Amino acid sequence: MVLKAMRNEFFALMGEGARAHHARRQAEYELLVQGIDGETDVAAQERLVVKLIEQRVHALVIVPADSNAMLPVLLKALKAGVLVVNLDNKLDDRALATAGVNIPFVGPSNFQGSRSVGDYVAKQLPRASRVGIIEGPPGSINAKARSDGFRAAIAAAGLRLAAVRSGHWTQTQGRAAASELMRLAPDIKALLCGNDNMALGAVQALRELGRSSDVLVCGYDNIPSVRPLIAQGLILATADQFPVKQAEYALDVVLKALQTGQRQTELPSIIQSPVQLVTRS
């Protein structure tokens with residue numbers, strides 16, 4: 001299993017879920033969990049995959065650092081006979097179709113998850129209020145899907161989108177993005193953040209600007225660090241996409257395929273996992 005930023009609490013939980021799954025079924029398979037330091041370090045993740053191909057692993061479950069850039073090395077894995085399953089951050093559908101391959105995706109509907117969060121925030125605001133979006137990196141399908149969900153909620157509630165900035169999934173860049181959005185549009189009433197790390201950064205920026213009491217913040221992931229802030233009302237809502245369950249679902253797909261002799265082309269294209277709105281109440 002190759003994950004993204006291992007220092008991100010979400011992926012740490014995913015790794016723990018994978019190890020717990022293995023602990024229950026040790027006789028059936030061996031597990032190696034690896035990951036990169038940065039969220040978008042494609043080169044480092046490519047090197048991990050190449051090493052695993054060289055080690056002749058039977059299967060690879062991967063959260064790609066980029067939905068397009070990681071595909072070439074995954075095609076190499078497929079050519080080498082490695083079973084490949086895509087977890088959490090979906091590979092680009094058009095790129096997969098162009099390559100003519102089936103790589104199953106295990107994960108939730110990011111659009112529906114963020115739409116539910118956006119709808120909840122929108123209910124707290126008067127019509128025509130201005131809001132900002134802090135999204136993930138441009139190469140992430142997850143980032144686009146979550147922003148699309150936020151946009152749908154904004155449009156349905158009659159709110160106005162002031163501006164969008166990328167926080168690149170990190171707290172530091174989320175803080176910078178929030179500060180910039182507040183400078184551009186001081187009348188913003190909510191910051192909709194594509195993950196909890198960026199929401200934590202937005203909370204920090206609003207504290208520094210003295211705006212914590214009049215700007216709502218939401219996130220996505222329900223990592224442990226945001227739960228006290230939700231209890232305090234500093235983060236209004238987030239979405240739990242159950243990283244432990246995602247890991248379990250993916251490993252179940254892999255084990256079934258290996259044990260029954262399923263080929264890559266015979267695997268289901270999508271295995272949808274749950275996502276749930278989380279609020280203080």
Side-chain angles (χ1 to χ4, degrees), residues 8-10 13 88 107-136 140-167 169 171 174-175 177-178 181-182 185 187-207 209 211-246 272-281:
N8 182 328
E9 292 176 64
F10 178 82
L13 288 170
D88 181 63
S109 168
N110 284 277
F111 176 87
Q112 293 299 333
S114 62
R115 173 69 192 265
S116 69
V117 174
D119 286 342
Y120 184 81
V121 174
K123 288 177 183 177
Q124 324 302 318
L125 298 171
R127 288 182 70 85
S129 297
R130 300 183 80 196
V131 301
I133 292 176
I134 301 176
E135 63 182 5
S140 168
I141 295 295
N142 279 4
K144 182 181 185 305
R146 293 176 195 177
S147 291
D148 287 348
F150 287 147
R151 289 174 189 271
I154 290 166
L159 306 179
R160 294 183 295 158
L161 179 59
V164 180
R165 291 293 182 272
S166 176
W169 297 139
Q171 183 171 339
R175 172 177 168 270
L181 285 170
M182 297 309 299
D187 61 341
I188 279 177
K189 295 300 180 185
L191 293 172
L192 311 181
C193 305
N195 81 349
D196 286 341
N197 286 324
M198 297 187 297
L200 290 170
V203 168
Q204 184 181 357
L206 292 172
R207 279 175 173 158
L209 294 169
R211 299 292 303 276
S212 297
S213 62
D214 64 320
V215 180
L216 304 178
V217 177
C218 69
Y220 195 104
D221 281 340
N222 195 33
I223 62 174
S225 294
V226 304
R227 294 169 194 170
L229 298 180
I230 291 175
Q232 296 165 32
L234 292 171
I235 292 179
L236 190 67
T238 186
D240 194 337
Q241 55 173 339
F242 305 103
V244 169
K245 287 184 182 294
Q246 286 192 48
Q272 192 158 308
S273 60
V275 60
Q276 179 178 301
L277 174 68
V278 177
T279 67
R280 180 165 58 174
S281 55

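Please read all numbers here as calculations on a predicted model, not as lab measurements.
In this structure, the separation between CG on Leu216 and CG on Leu236 is 5.5 Å, given to the nearest 0.5 Å. Gln241 contributes atom CD, which lies 10.5 Å from atom OG of Ser114 (distance to the nearest 0.5 angstrom). Atom CE of Met198 and atom CH2 of Trp169 lie 5.0 Å apart (nearest 0.5 Å). In this structure, CD on Gln272 lies 10.5 Å from CD on Gln246, to the nearest 0.5 angstrom. Atom CG of Leu229 and atom CG of Leu200 lie 6.0 Å apart (nearest 0.5 Å). The CD1 atom of Ile154 lies 10.5 Å from the CZ atom of Arg115; values are rounded to the nearest 0.5 Å.
Proximity of Val215 to Met182: side-chain heavy atoms (C-beta onward) are separated by under 4.5 Å at one or more points. Within the 4.5 Å cutoff, no side-chain heavy atoms of Leu277 are placed close to those of Asp119. Residues Phe10 and Asn197 fail the side-chain proximity criterion, which asks for heavy atoms closer than 4.5 Å. Proximity of Asn222 to Gln276: side-chain heavy atoms (C-beta onward) are nowhere separated by under 4.5 Å.
Residues passing the side chain to side chain donor-acceptor pair (under 3.5 Å) test with Asn8, sequence neighbours excluded: Glu39. Checked against side chain to side chain donor-acceptor pair (under 3.5 Å), Ser273 has no partners two or more places apart in sequence or in another chain. Every side-chain contact (heavy atoms from CB on, under 4.5 Å) that Gln204 has, sequence neighbours left out, goes to Gln171, Arg175, Glu208. In this structure, the side chain to side chain donor-acceptor pair (under 3.5 Å) partners of Arg211, at least two apart in sequence or on a different chain, are Asp214.
The minimum heavy-atom distance between Pro108 and Pro274, with the atom names listed, is CB-O, 3.8 Å. The heavy-atom pair separating Val203 from Ser212 by the smallest distance is O-OG, 4.5 Å. Here the shortest heavy-atom pairing between Val278 and Ile230 reads CG1-CD1, 4.3 Å. The minimum heavy-atom distance linking Ile235 with Gly219 is given by the pair CG2-N, 4.3 Å. The two residues Ile223 and Asp196 come nearest to each other via the heavy atoms N-OD2, 2.9 Å. Taking each heavy atom of Ala178 and Ala205 in turn, the nearest pair found is CB-CB, 3.8 Å.
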Set out, in order, the CA-CA distance, both residues' side-chain angles and the distance that settles side-chain contact (heavy atoms from CB on, under 4.5 Å) for Leu192 and Val117, then state yes or no. CA-CA 9 Å; Leu192 311 181; Val117 174; over 6 Å; no
Identify all side-chain donor-acceptor contacts of residues 122-129 below 3.5 Å with residues at least two apart in sequence or on another chain.
unit_1, atom_1, unit_2, atom_2, d
Gln124, NE2, Tyr120, O, 2.8
Arg127, NH1, Ala157, O, 3.4
Ser129, OG, Pro126, O, 2.7

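Put simply, the side chain of Ser116 gets close to the backbone of Gly113: a donor and an acceptor are under 3.5 Å apart.
Judged as a salt bridge (Lys or Arg N to Asp or Glu O under 4.0 Å), not a single pair has a partner in residues 222-245 (not counting sequence neighbours).
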